[in-house]
Amino acid sequence: MRVVMFGYQTWGHRTLQALLDSEHDVVTVVTHPRSEHAYEKIWSDSVADLAEKHGIPVIIRNRPDGELLDRLKEVAPDIIVANNWRTWLPPEIYNLPVHGTLNIHDSLLPAYAGFSPLIWALINGEPEVGVTAHLMDEELDAGDIVVQRSVAVGPTDTSTDLFHRTVDLIAPVTTEALGLIASGRTEFTPQDRSRASFFHKRAEEDIRIDWNWPAEDLERLIRAQSAPYPSAFTFHKGQRLDVLAAVVSEGRYGGTPGRIFYREGDGVVIVAGADARTGRNHGLAITRVRTGDGRELPATEYFTSMGGYLTGRP
């Protein structure tokens with residue numbers, strides 16, 4: 001089939017490489033300009049560079065326009081394949097090819113449509129994540145599922161671990177889905193919209209630690225914001241403090257959320273949970289931090305004495 005690929009960052013790069021390795025003919029690539037957004041500078045393999053290396057015409061756009069539509073009509077694709085295209089595609093584009101548009105999304109749709117699905121899924125304690133190839137329709141990430149593959153989430157996995165595992169699914173999911181479509185199959189699995197969820201882009205407010213959260217949720221937040229993602233942070237004595245590693249405490253600690261309370265093992269326990277006053281909660285044992293001047297050190301060295309509070313604001 002003649003394919004136009006819409007994609008961006010490493011997800012788009014892996015999709016384009018899968019298409020180049022397949023029996024299909026990539027006739028044009030559409031990608032976004034480089035961005036300075038913190039999350040878009042991560043996993044930023046260039047789709048444009050890969051396409052140009054293989055002599056494929058590249059169109060750079062933030063969003064579709066009339067000129068792009070005209071150029072797509074000229075190349076007459078049999079199908080569009082999209083992965084990590086960041087803006088809405090109108091029906092005159094996604095319905096242009098005879099086989100429509102196949103979108104590759106890094107979640108187990110219908111859950112976690114939208115942005116940063118791996119991070120949100122890890123924070124929420126999902127037992128598995130994955131990649132879905134679905135046909136595009138008028139609602140974002142809502143079309144019929146062609147192929148879906150999953151991987152388990154382990155108890156110490158970070159978002160970085162899950163990225164590497166799921167990005168390796170892109171090629172087999174894409175090629176299998178295209179094979180089914182090329183075979184003439186037209187009926188696929190409708191999404192159960194009662195199970196759908198839709199998430200926004202991550203921003204600084206999303207990584208600010210709220211000590212009213214249970215320690216179990218905070219521990220997953222720390223893992224979800226693993227390097228190279230921006231680290232979850234709190235404030236100590238008015239200064240920002242990044243929390244790089246933490247575990248749920250063995251003991252249960254009562255009091256006020258955010259209290260710097262007790263040394264346990266290699267960590268320093270912070271009281272956590274909106275109902276911490278009951279004394280039934282585990283705390284968050286911070287094990288490694290980074291100060292505002294960039295120093296990384298064990299929490300037991302940073303917190304030289306117990307007492308005082310970690311806060312969400314200076």
Side-chain angles (χ1 to χ4, degrees), residues 6-8 11-12 15 39 79-95 97 99-155 157 159 161-163 165-170 172-174 176-181 183 185-203 205-207 210 212-214 216-221 223-225 273-274:
F6 279 68
Y8 186 50
W11 295 270
T15 305
Y39 284 84
I79 193 167
I80 292 171
V81 176
N83 192 345
N84 201 38
W85 180 258
R86 313 294 275 181
T87 58
W88 180 68
L89 287 180
E92 54 266 32
I93 286 182
Y94 68 72
N95 283 331
H99 295 295
T101 295
L102 182 74
N103 186 53
I104 315 299
H105 182 70
D106 56 336
S107 85
L108 297 175
L109 293 174
Y112 297 95
F115 298 90
S116 303
L118 293 178
I119 294 177
W120 289 113
L122 180 53
I123 290 170
N124 290 330
E126 299 293 351
E128 58 182 6
V129 294
V131 171
T132 302
H134 70 95
L135 295 172
M136 191 174 288
D137 62 14
E138 67 278 0
E139 189 173 353
L140 185 65
D141 295 335
D144 290 357
I145 294 171
V146 182
V147 175
Q148 188 171 80
R149 295 287 179 269
S150 65
V151 293
V153 178
D157 280 339
S159 288
D161 297 326
L162 299 180
F163 164 80
R165 258 181 255 151
T166 55
V167 81
D168 285 342
L169 295 176
I170 288 174
V173 165
T174 301
E176 182 179 349
L178 286 176
L180 291 171
I181 293 168
S183 73
R185 183 171 164 183
T186 58
E187 297 296 322
F188 297 102
T189 306
Q191 293 191 36
D192 178 358
R193 302 310 296 158
S194 69
R195 296 176 49 242
S197 55
F198 181 65
F199 285 80
H200 61 72
K201 288 182 179 181
R202 302 285 296 173
E205 193 62 29
D206 303 307
I207 62 176
D210 181 349
N212 287 300
W213 282 23
E216 294 82 0
D217 293 354
L218 291 176
E219 187 271 339
R220 291 195 301 269
L221 173 65
R223 286 191 282 124
Q225 295 299 146

Supply the atom-to-atom distance L122 CG to L221 CG, rounded to the nearest 0.5 angstrom.
9.0 Å

Specify the closest pair of heavy atoms between G100 and I79, including all atoms of both residues, with the distance to one decimal.
O-CG1, 3.4 Å

Any chance you could lay out the side chain to side chain contact (heavy atoms under 4.5 Å, CB included) test for H200 and D206, step after step, and finish with the verdict?
CA-CA 10 Å; H200 61 72; D206 303 307; 3.4 Å; yes

Supply the atom-to-atom distance L162 CG to R165 CZ, rounded to the nearest 0.5 angstrom.
5.5 Å

With H134 as partner, the option from D141, L102, I104, T101 fulfilling side-chain contact (heavy atoms from CB on, under 4.5 Å) is D141

Give a yes or no on whether the backbone of E187 and the side-chain of R185 come within a donor-acceptor separation of less than 3.5 Å.
yes

Ignoring hydrogens, what is the shortest heavy-atom contact between S107 and Y112? Give both atom names and the distance.
OG-O, 3.1 Å

For W11 and H105, what are the C-alpha separation, side-chain angles and deciding distance, and is it a side chain to side chain contact (heavy atoms under 4.5 Å, CB included)?
CA-CA 9 Å; W11 295 270; H105 182 70; over 6 Å; no

Heavy-atom side-chain contact between P127 and V153 under 4.5 Å
no

Which of parallel (below 30°), tilted (30 to 60°) and perpendicular (above 60°) describes F199 and W120?
tilted

Between E128 and S150, which heavy-atom pair has the shortest distance, and what is it?
OE1-OG, 3.3 Å

Over all heavy atoms of both residues, which pair between L109 and I145 is shortest? Give the atoms and the distance, please.
O-CD1, 3.6 Å

As a quick check of understanding, evaluate side chain to side chain contact (heavy atoms under 4.5 Å, CB included) for N84 and T15, giving each step before the final call.
CA-CA 10 Å; N84 201 38; T15 305; over 6 Å; no

Any non-hydrogen side-chain atom of E138 less than 4.5 Å from a side-chain atom of Y94?
yes

Which value, rounded to the nearest 0.5 Å, describes the distance between D137 atom CG and L89 atom CG?
12.0 Å

Test side chain to side chain contact (heavy atoms under 4.5 Å, CB included) on R86 and F115 and set out the steps.
CA-CA 9 Å; R86 313 294 275 181; F115 298 90; 3.9 Å; yes

Quick one: does Q148's side chain have a donor or acceptor within less than 3.5 Å of a partner on T132's backbone?
no

Shortest non-hydrogen separation from G114 to P117 and the atoms involved
O-CD, 4.2 Å

Using side-chain heavy atoms (C-beta onward) and a distance below 4.5 Å, is I93 in contact with F6?
yes

Enter the distance from N124:CG to I119:CD1 here, rounded to the nearest 0.5 Å.
12.0 Å

Kindly compute the distance separating CZ (R202) from CD1 (I123), expressed to the nearest 0.5 Å.
4.0 Å

Should the pair E216-R220 be classified as a salt bridge under the 4.0 Å nitrogen-to-oxygen rule?
no

Looking only at heavy atoms, what is the nearest atom pair of V131 and T166, with distance?
CG2-O, 3.5 Å

Can a donor-acceptor pair be found, under 3.5 Å and without considering hydrogens, that links the side chain of R195 to the backbone of P110?
no

Measuring from atom CG of N103 to atom CG of L135, what distance do you get when rounded to the nearest 0.5 angstrom?
9.5 Å

